[in-house]
Amino acid sequence: MAETTTTFTNATQVLEPFRGIKKVTIEEYFTSGHRTCQGCESALVMKLMVKAAGPRTIVLGSTGCMYVANTTYYTTPWVVPWMHTQLGSSGSAALGTAAGLKALMAKGKIKAEPINVIAFCGDGGGADMGIGAISATLTHKEYNSLILLYDNESYANTDIQISGMSPYGAHTTFSPPGKVHRIIHKRWKKNMAGMMAAGHPECRYVATVCASFAVDMMNRVRRALTIGGPTFIHSLDPCPKGWDYDPMLSHELGELAIETGVFPLYEVEDGQLKYYGKTRAIVDGRKRKPVREYLLKQGRFAHFIEEDLAYFQAKVDEMWEKWEIPAVVPFRRLDATKSVLDVK
Amino acid sequence: MAVVTQAATAASDEKELLISGSEAVAEALTLADIDVVTAYPIRPYDTVMQAIAKKIANGQLVAEYIVAEGEHSQFEIVKHASTVGARVFAGSSGVGWAYAMECLVVTPPLRVPMLALVGNRALDDPGAFGVEHNDALFVRDLGWMLCWIDTSQEALDTTLIGYRIAEDRRVFLPLAISADGAFLTHSQALTLVPSKQKVDRFLPAYNRGDLQLHPDNPITVAPQANEDWVIEIRRQNDEAMKRAYTVIEEAYADFRRVFGRGPENPWFEEYMTDDAEVVLIGMGTISLPIKVAIREMRAQGKKVGLLRLRWFRPFPYERLVTALSKAQAIGVIDRNYSFGSPFASGVVANEVRAAMYNAERRPPLISFISGLGGREVMLDDVKKATDICYAAARSGQSDAKTHWLGVRD
């Protein structure tokens, strides 16, 4: 941290993609000391995220499972510097840390070098409370940072409550099926990555990932950190506790989420959309698996009747068949045979 | 508009500018070479950000200047910038300060020495731009240092002194400098602006040491501690606040040594208290009507003085007891409220009552609330308060109630 005359350029680290699992670096920067649940996919996301980023990285973690279960005082699993930030503050933490580093390097108060700044948030902290701060950060193109949203589809640290990212109909402690109302949670999940990509024209990189496909996932992190400016990654993380399934099924459920088309894998770089992995195959014509194969493996949908499964399937079909950009942007093209005024 | 009124003399390394309290803070921030500053609009504090923006635009100040999307982010951004070693500044007013509350809460236990300007403003509802002190007082129990300033000069000086205190490793606590909305944030006065060389002699660089978040120092900050450690961490905050008493005394003494001005008593200003039978207490710009009224009352033979409290946290209870014990009666004029508190008093009155509890000599203390929402405190209000205090001095008894001054019945 000594003063230096090295010229500050605001450059990023160049992190080439891992060419296959055997080429992945062996060092771990998220190790023992955490106490996440058996089968916790989000803990794996943390491990892969920082493995992909490497040692010259600062990680900021907003309140949630990956804070509470990961950083018990005196038993931190983080090998890189790590700091807590408030529930809705992943965007501000990324921005503030990046701005502090930039100021100090530009003034020669610390050595000029590219340091990765990653702030993570859960679906509650990111897509509900913290969406405003994330949105703001994605407009600050002079600050290099990555915001990673680990989405286990509920407030899983506080006893499993619905968030704006919980799927339709899910049974949570805030949405229990009852004798009169079988479905309490009637909202459709936010389209977080699509919204971030569409709403922030100067954000150069937005991606969705799933840790069931670890190398793909790490390479999206590496791409985001390399391309620079503020970037955003949305990770879908099966959660044994919140979704109510056998912990051994975490990876399988992640795969099913993609194969059923419930969760698409794509990246948007400089405005250009690219589907990848099994989502690419769906776009290229492979048939999507029925959503019931995914839903009925999870206790949170155990109260679903055929009507609910059909509704869910229809909504996912809509994503793929009606959306202007399938599973990414939910606009519908105007029927060319009608004038604008005729459209209801 | 800053106007240079006096060309710098050959020997002088100071210039004198006609500037507002907010502009004076911006001058100090430039001299302190802050690294990261975050803004969000709310009156009246935002005048400091307007002044900073001009300095950034003109190249007088080089800093990361971020307009946040709300006060919550505004304070969270500088909190994080401070943890990597940046000198930071933010500020707010009224409900804006309230909107930032979560981030204000975490700053002291993280030992983040940020400076904030609170342009004191009444809280909603109803809407009002005028001064009340309840906004800054939100954080009085949380480990924020709090002080109230009275003039543009004090605004500039206290900002420089503030960084020196907050960034002292023995303290490492945030400081909110309160400036009465409009009366100080927007009012211009001649202000001495020192040279950068002089400031550098007084204010060392911010060194976060082994608490700096950096890949070369891979620490985990603010983990989940629970009942295992939280009370020890609170105690550390408590010790830091206690150490601040010494650090504040040292900083003011050093300021006087380097700049040749500044108060000998950092904690409060005493005006005509030497022989005073009645001592009135207030914070901020309320000093002006009180001082004028005191001069008029003195002409009529009433021995009245003012004790203008500058530092509220840490609270100078020992110095205060010494200063007040010789009075016949004490009148505290609060520009804040604390509904349901003992005697339905304002905050300062009850703090002074608590400070005096163990004193050998406890003069009667009368509590007043005045000037809320920016209402002007009139000379007659001060004279009426003084008369009530004199009655208490004669009887030796406090009336154990709180008088609202200048309120429509």
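Just so it is clear, the structure is predicted and the values come from calculations on it, not from any experiment. We name chains A, B, ... by the order of the sequence lines, and we start the count at 1 in each one.
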| request: With rounding to the nearest 0.5 Å, note down the distance linking NZ in B:Lys79 to OG in A:Ser92. | output: 9.0 Å

| Within residues 33-40 of chain B, residues adjacent to chain A where the heavy-atom gap is under 4.5 Å | B:Asp33, B:Ile34, B:Asp35, B:Val36

| request: Select, from A:Gly132, A:Ser135, A:Gly130, A:Gly88, the one with the greatest count of heavy-atom pairs under 4.5 Å involving chain B. | output: A:Gly132

| request: Decide if atom CD of B:Glu232 counts as having more than 12 heavy atoms of other residues, nucleotides or ligands within a radius under 6.0 Å. | output: yes

| Counting only heavy atoms not in B:Phe202, do more than 12 fall under 6.0 Å of its CZ? | yes

| remark: Under 4.5 Å to a heavy atom of chain B? For A:Val59 that would be neither

| query | Looking at CG of A:Leu104 and OH of B:Tyr206, how far apart are the two atoms once the value is rounded to the nearest 0.5 Å? | reply | 9.5 Å

| message | For A:Phe18, I'd like to know if atom CZ has over 12 heavy atoms of other residues, nucleotides or ligands within 6.0 Å. | response | yes

| message | Taking side chain as everything from C-beta outward and backbone as N, CA, C, O, which of these in A:Thr63 sits under 4.5 Å from a heavy atom of chain B? Side chain, backbone, both or neither. | response | neither

| message | If you compare all heavy atoms of B:Pro223 against all heavy atoms of A:Tyr67, which two are closest, and at what distance to 0.1 Å? | response | O-OH, 3.3 Å

| request: Output, in order, the C-alpha distance, side-chain angles, deciding distance and verdict of side-chain contact (heavy atoms from CB on, under 4.5 Å) for A:Lys111 and B:Asp216. | output: CA-CA 11 Å; A:Lys111 191 179 97 180; B:Asp216 291 342; 5.8 Å; no

| request: Let me know if A:Ile115 has heavy atoms under 4.5 Å from chain B in its side chain, its backbone, both or neither. | output: side chain

| query | So with a 6.0 Å cut-off around NZ of A:Lys141, is the heavy-atom count from everything else above 12? | reply | no

| request: Could you check which of A:Thr57, A:Thr137, A:Ile58, A:Thr72 has the highest count of heavy-atom pairs closer than 4.5 Å to chain B? | output: A:Ile58

| query | So which of B:Arg87, B:Gln74, B:Glu76 has the largest heavy-atom pair count under 4.5 angstrom toward chain A? | reply | B:Glu76

| Interface residue of largest heavy-atom contact number with chain B, from A:Ala136, A:Ala98, A:Pro55, A:Ala103, under 4.5 Å | A:Ala103

| A:Tyr143 to B:Tyr65 - nearest heavy-atom pair and separation | OH-N, 4.5 Å

| side chain to side chain donor-acceptor pair (under 3.5 Å) against B:Arg111, all qualifying residues, sequence neighbours excluded | none

| query | If you count the non-hydrogen atoms of other residues, nucleotides and ligands that lie under 6.0 Å from CZ in B:Arg43, is the total more than 12? | reply | no

| query | Just wondering, do B:Gln224 and A:Asn70 contact through their side chains at under 4.5 Å, heavy atoms? | reply | no

| said: Quick check on A:Thr97 against chain B: is it the side chain, the backbone, both or neither that has a heavy atom closer than 4.5 Å? | reply: both

| message | If you count heavy atoms of other groups shown closer than 6.0 angstrom to NZ of B:Lys55, is the number above 12? | response | yes

| request: Measure across A:His84 and B:His80 and return the closest heavy-atom pair with its distance rounded to 0.1 Å. | output: O-CE1, 3.6 Å

| message | With a 4.5 angstrom heavy-atom cut-off, is it the side chain or the backbone of B:Val67 that approaches chain A, or both, or neither? | response | backbone

| said: Contact between A:Met129 and B:His72 at the side-chain level, heavy atoms closer than 4.5 Å - yes or no? | reply: no

| request: Give the minimum heavy-atom separation between B:Ala86 and A:Gly100, together with the two atoms involved. | output: CB-CA, 4.1 Å

| query | Which bit of A:Val68 comes within less than 4.5 Å of chain B, counting heavy atoms only: side chain, backbone, both or neither? | reply | both

| field | Trace of the side-chain contact (heavy atoms from CB on, under 4.5 Å) decision for B:Glu64 with A:His140 | value | CA-CA 11 Å; B:Glu64 300 303 315; A:His140 283 277; over 6 Å; no

| field | Atom CD of A:Glu202 with >12 non-hydrogen neighbours under 6.0 angstrom | value | no

| B:Thr83, B:Val78, B:Asp228: which one forms the most heavy-atom pairs within less than 4.5 Å of chain A? | B:Thr83

| request: Check whether any side-chain heavy atom of A:Leu60 sits under 4.5 Å from a side-chain heavy atom of B:Leu213, and report yes or no. | output: yes

| request: Would you mind telling me which of A:Trp82, A:Trp78, A:Tyr74 has the largest number of heavy-atom pairs within less than 4.5 Å of chain B? | output: A:Trp82

| said: Only pairs of heavy atoms separated by less than 4.5 Å count here; which of A:Leu101, A:Val80, A:Thr85 has the most with chain B? | reply: A:Thr85

